[in-house]
Amino acid sequence: MQRLEQHTCFGGQQEVWTHASATLGCEMKFGVYLPPQAETEPCPVLYWLSGLTCTEQNFITKSSAQRYATEHGVILVSPDTSPRGDNVADTDGYDIGLGAGFYLNATQPLWSRHYRMYDYIVDELPILVEENFRASAARSISGHSMGGHGALIIALKNPGRYRSVSAFSPIVAPSQVPWGEKAFTQYLGDDRAAWKPWDATELVATATERLPLLIDQGGADEFLATQLKPELLQAACADAGHPMELRMRPGYDHSYYFIASFIGEHITHHAAALKEPSRKSV
């Protein structure tokens, strides 16, 4: 690994690192915020997954999350949203290809070599973090929009691995909205049965762990009615008896102004779960 950036921030260190990813077959960047507590003791880790078009920079420069991470002694890890490089497949448009990895493992020939963001987030990145920083094995996960989709499915597909999960404006039912239908067709093919393992509304029905889902959604979000549709996940959770808290926030849109307004509440929520001593991470 090579460190590209280091900035003192709220008493800790905001860093950006690059490394050669064996999973994705390219160089990857990720941000890591190390609170001052990490100078002397292992700290739990909150993984943040960003949305379409984002890199590791959006969260670390716009959310002001570092102040709350310092308050609670939590490491923040914010990876890029897709593989990148001259040899990585791409296409026209912002919602497929670079910046649009959708946190799944692609199966279609054009994409399958590099687009394995699910394996990268679940397996490769935590090993790097826990081997190279003063990080404990206690993990939580959160994200925004496409990254909210990623956080939800990753938590639901990996019982026991995460202490808590939350999302801002997530794509909760990608199989039923244009963003998800386009991405899934490209990455996974036309068989809709192959889409179900990557859709939170499908996963809650068979989830073996009842990890509560915390979701904040802006009421003035321009994508609310067409791309996000949180009511679909709410109904699926009600049918499955899966705990979910949906907090509608009147007047807020899809931007980082919304995230910055409530990220402190989310980090407080995760910090409480991360400090519980009884849970064993896998």
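If you read the sequence from its start, that first residue is 1, and numbering goes on from there.
- Contact check for His266 versus Leu214: side-chain heavy atoms found under the 4.5 Å cut-off.
- Atom CG in Leu213 sits 11.0 Å away from atom OG in Ser164 (nearest 0.5 Å).
- In this structure, Trp17 has its ring center closer than 6.0 angstrom to the ring center of Phe133.
- Going from atom CD1 of Ile154 over to atom OH of Tyr47 covers 11.0 Å, rounded to the nearest 0.5 Å.
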Given the rule in the ring pair (Phe, Tyr, Trp, His ring centres under 6.0 Å) test, do Tyr256 and His144 qualify, once you have shown the distances and angles that lead to the verdict? CA-CA 9 Å; Tyr256 265 83; His144 170 234; 5.8 Å; yes
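- Closest non-hydrogen pair, Thr23 versus Tyr120, comes out as CG2-N, 3.8 Å.
- From Leu232, atom CG reaches atom CD of Glu202 across 11.0 Å, with rounding to the nearest 0.5 Å.
- Aromatic ring orientation, Phe184 versus His149: tilted (interplanar angle from 30° to 60°).
- Sorted by first then second residue, the salt bridge (charged side-chain N to carboxylate O under 4.0 Å, His left out) pairs that include residues 78-98, not counting sequence neighbours, are Asp80-Arg84, Asp95-Lys182.
- Counting heavy atoms from C-beta on, the side chains of Ile60 and Val16 come closer than 4.5 Å.
- Under the salt bridge (charged side-chain N to carboxylate O under 4.0 Å, His left out) criterion, the residue pairs touching residues 254-268 are Arg247-Glu265, Arg249-Glu265, with sequence neighbours excluded.
- Considering only heavy atoms from C-beta on, Ile259 comes within 4.5 Å of Trp48 through its side chain.
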Could you go through residues 191-201 and list every donor-acceptor pair under 3.5 Å that involves a side-chain atom there, pairing it with any protein atom two or more places apart or in another chain?
from	atom 1	to	atom 2	distance (Å)
Asp191	OD1	Ala193	N	3.0
Arg192	NH1	Ser175	O	3.1
Arg192	NH2	Glu181	OE2	3.1
Trp195	NE1	Gly189	O	2.9
Asp199	OD1	Thr201	N	2.9
Asp199	OD1	Thr201	OG1	2.5
Asp199	OD2	Ser175	N	3.0
Asp199	OD2	Ser175	OG	2.8

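- Side chains of Leu46 and Ile267 form a contact here, defined as non-hydrogen atoms less than 4.5 Å apart.
- Side-chain atoms of Thr81 and Ser50 form no donor-acceptor pair, as typed in the model, at a separation below 3.5 Å.
- Residues forming a ring-ring contact (aromatic ring centres under 6.0 Å, His included) with Tyr257 (at least two apart in sequence, or on another chain): none.
- At distances below 3.5 Å, at least one donor-acceptor pair connects side-chain atoms of Glu209 with backbone N or O atoms of Gly160.
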Using salt bridge (charged side-chain N to carboxylate O under 4.0 Å, His left out), reason through Arg139 and Glu130 one step at a time and then give a plain yes or no. CA-CA 10 Å; Arg139 313 175 197 100; Glu130 291 164 24; 2.8 Å; yes
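- Ring-plane geometry between Tyr252 and Phe262 is classed as perpendicular, the angle between the planes exceeding 60 degrees on a 0 to 90 degree scale with a lower cut at 30.
- Listed by first and then second residue, the salt bridge (charged side-chain N to carboxylate O under 4.0 Å, His left out) pairs involving residues 36-62 amount to none (not counting sequence neighbours).
- For residues 103-121, the pairs satisfying salt bridge (charged side-chain N to carboxylate O under 4.0 Å, His left out) are Arg116-Asp119, with sequence neighbours left out.
- Using a 3.5 Å distance cut-off with no hydrogens or angles, the side chains of Thr8 and Gln13 do pair a donor with an acceptor.
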What's the verdict on side-chain hydrogen bond (donor to acceptor under 3.5 Å, both in side chains) for Tyr33 and Thr70, showing C-alpha distance, side-chain angles and the deciding distance? CA-CA 9 Å; Tyr33 178 70; Thr70 287; 2.5 Å; yes
